[in-house]
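This is a predicted model, so every value here is computed, not measured. One-based numbering, in listed order, for ligands and for the atoms of each.
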Amino acid sequence: MSSSQRFRFLCVIDFEATCDDYNVNHGDQLQEIIEFPAVLLDTEVLKVVDTFQVFIKPEVEPILTDFCKNLTGITQDQIDNGINLLDAMKRFDDWLHVTHGVISTGLERNFAIATDGPWDIKNMLFNDCKRKNILDYFHDVKYYSEWVNVRRMYKSEYGRAGGITSQLQGLNMTFEGKEHCGLDDAKNIARIVIKMITDGKVFKLNDRLRGKKKEK
Ligand code: AMP
Ligand code: MG
Ligand code: MG
């Protein structure tokens with residue numbers, strides 16, 4: 001069943017960003033990414049190949065709010081020792097291509113990004129890159145222009161989809177780790193993907209930066 005997957009590798013990412021309790025969840029133009037985590041999943045053997053995590057120092061508000069620290073579990077120390085967003089994206093790209101040898105462009109492409117909903121790429125990463133004047137890099141690497149929207153796929157397959165916890169519940173699983181820790185969120189999204197592949201679902205690109213979605 002799993003051999004029918006379009007992509008041999010799916011890389012789940014789930015950004016955490018600066019926030020306060022007046023923020024209404026995702027999409028706030030003022031949010032800056034502070035955690036860049038990733039879970040590389042082999043869709044053939046249904047196993048996590050490796051995980052990635054770097055912390056990013058925000059430029060506008062370098063001091064995290066207590067709300068943000070409590071929500072994400074990220075410490076001020078981790079942020080103070082963080083790198084900038086462009087270096088984080090380059091390190092991620094090296095990890096994908098140099099360490100793991102994924103192919104991300106062209107006909108032999110064997111990899112796609114997967115996220116819980118559209119926000120991580122469409123709002124958080126795009127807006128943060130725009131503000132930091134690094135959209136050229138964002139576009140150059142190609143793999144951020146179309147991705148696997150797991151929540152949308154879950155909804156079309158099972159008829160409803162809430163957050164990660166409720167998606168897990170629908171599959172008779174519970175959240176492992178700390179909710180809103182980016183790496184734990186990504187690991188749990190990966191568990192949802194593994195279960196859906198086991199159930200025979202085939203993951204395709206179903207979300208993109210602009211225009212209508214189309215499945216590929
Ligand atoms: P998540 O992937 O659900 O952990 O959310 C990503 C980011 O959205 C967080 O790092 C926060 O910046 C923001 N966020 C999520 N939930 C909340 C919330 N309840 N209140 C304020 N901001 C939130
Ligand atoms: Mg998220
Ligand atoms: Mg998260």
Side-chain angles (χ1 to χ4, degrees), residues 10-41 48 51-80 82-85 88-89 92 112-132 144 147-155 160-171 173-194 196 203 206-207 209:
L10 289 175
C11 187
V12 180
I13 58 183
D14 184 89
F15 298 121
E16 299 306 322
T18 50
C19 57
D20 209 341
D21 52 9
Y22 49 76
N23 272 348
V24 184
N25 215 332
H26 311 266
D28 190 323
Q29 293 278 329
L30 291 173
Q31 283 184 295
E32 290 184 280
I33 294 171
I34 51 176
E35 181 187 353
F36 190 142
V39 173
L40 187 63
L41 191 65
V48 170
T51 61
F52 171 93
Q53 184 186 42
V54 291
F55 295 97
I56 298 162
K57 199 174 192 163
E59 292 172 6
V60 182
E61 306 246 359
I63 306 296
L64 293 187
T65 62
D66 288 341
F67 178 87
C68 189
K69 287 186 278 193
N70 288 332
L71 183 80
T72 62
I74 298 170
T75 65
Q76 187 62 46
D77 226 33
Q78 286 171 314
I79 290 311
D80 291 343
I83 58 179
N84 70 41
L85 180 61
M89 291 168 80
F92 173 66
I113 299 276
T115 60
D116 173 43
W119 307 279
D120 291 83
I121 310 289
K122 212 177 262 189
N123 300 91
M124 288 202 201
L125 187 61
F126 181 83
N127 288 337
D128 210 357
C129 285
K130 190 174 175 186
R131 190 173 32 237
K132 293 183 163 99
Y144 296 124
W147 62 91
V148 172
N149 178 332
V150 178
R151 193 186 291 209
R152 174 178 278 164
M153 168 89 172
Y154 187 105
K155 193 161 186 226
R160 67 195 151 72
I164 300 171
T165 305
S166 106
Q167 291 173 52
L168 286 164
Q169 272 166 4
L171 299 170
M173 297 191 282
T174 52
F175 195 98
E176 289 176 0
K178 180 185 170 15
E179 282 180 64
H180 304 296
C181 157
L183 186 55
D184 286 348
D185 284 350
K187 285 179 182 169
N188 281 281
I189 298 164
R191 291 173 63 221
I192 292 168
V193 172
I194 289 174
M196 289 177 72
F203 284 87
N206 63 347
D207 207 354
L209 277 180

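Without hydrogens or angle criteria, Gln76 side chain to Pro62 main chain gives a donor-acceptor distance under 3.5 Å. A donor-acceptor contact shorter than 3.5 Å is absent between the side chain of Arg151 and the backbone of Pro118.
Any N or O atom pair closer than 3.5 Å counts here, and Glu16 shares at least one such pair with ligand 1. At a 3.5 angstrom cut-off on N or O pairs, Thr72 does not count as close to ligand 1. The distance criterion of under 3.5 Å between nitrogen or oxygen atoms is met by Ala17 with respect to ligand 1.
Counting the atoms of ligand 1 from 1 in the order shown, those under 4.0 Å from a heavy atom of Cys19 are 11 (C), 12 (O), 22 (N). Within ligand 1, counting atoms from 1 as listed, the ones closer than 4.0 Å to a heavy atom of Phe67 are 20 (N), 21 (C). For ligand 1 and Asp185, the ligand atoms under 4.0 Å from any heavy atom of the residue are 1 (P), 2 (O), 4 (O). Near Phe15, the atoms of ligand 1 lying under 4.0 angstrom from a non-hydrogen atom of the residue are 2 (O), 6 (C).
Around atom NZ of Lys130, no more than 12 heavy atoms belonging to other residues, nucleotides or ligands sit under 6.0 Å away. Shown here is Lys132, whose NZ atom has more than 12 heavy atoms of other residues, nucleotides or ligands within 6.0 Å.
With rounding to the nearest 0.5 Å, the separation of OG1 in Thr115 from NZ in Lys122 is 9.5 Å. Note that the CG atom of Leu41 and the CG atom of Leu10 stand 6.0 Å from one another [nearest 0.5 Å].
For Met124, the heavy-atom gap to ligand 1 drops under 4.0 angstrom. Between Thr18 and ligand 1 there is a heavy-atom distance shorter than 4.0 Å.
The closest side-chain heavy-atom distance from Phe52 to Cys11 is not below 4.5 Å. By the 4.5 Å heavy-atom criterion applied to side chains, Leu183 and Glu35 are counted as neighbours. Residues Leu125 and Met89 have side chains in contact (heavy-atom distance under 4.5 Å, counting atoms from C-beta outward).
Evaluated for a side chain to side chain contact (heavy atoms under 4.5 Å, CB included) with Leu64, the options Asp20, Thr75, Ile79, Asp80 yield exactly one hit, Ile79.
Using cut-offs of 30° and 60° on the angle between ring planes, the pair Phe36 and Phe15 is perpendicular.
The Mg ion (ligand 3) has Asp14 OD2, Glu16 OE2, Asp185 OD2 as protein N, O or S atoms under 2.8 Å away.
With a heavy-atom cut-off of 4.0 Å, Ile34 does not touch ligand 1 at all. When non-hydrogen atoms are compared, ligand 1 lies under 4.0 Å from the side chain of Gln31 (C-beta onward) but not from its backbone. By the criterion of a heavy-atom distance under 4.0 Å, the side chain of Asp14, and not its backbone, is placed next to ligand 1.
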Quiz: residues 160-167 side-chain donor-acceptor pairs under 3.5 angstrom, not counting sequence neighbours:
{"unit_1": "Thr165", "atom_1": "OG1", "unit_2": "Glu179", "atom_2": "OE1", "d": "3.2"}
{"unit_1": "Ser166", "atom_1": "OG", "unit_2": "Gly162", "atom_2": "N", "d": "3.2"}
{"unit_1": "Gln167", "atom_1": "NE2", "unit_2": "Asp116", "atom_2": "OD1", "d": "3.0"}
{"unit_1": "Gln167", "atom_1": "NE2", "unit_2": "Gly162", "atom_2": "O", "d": "3.0"}

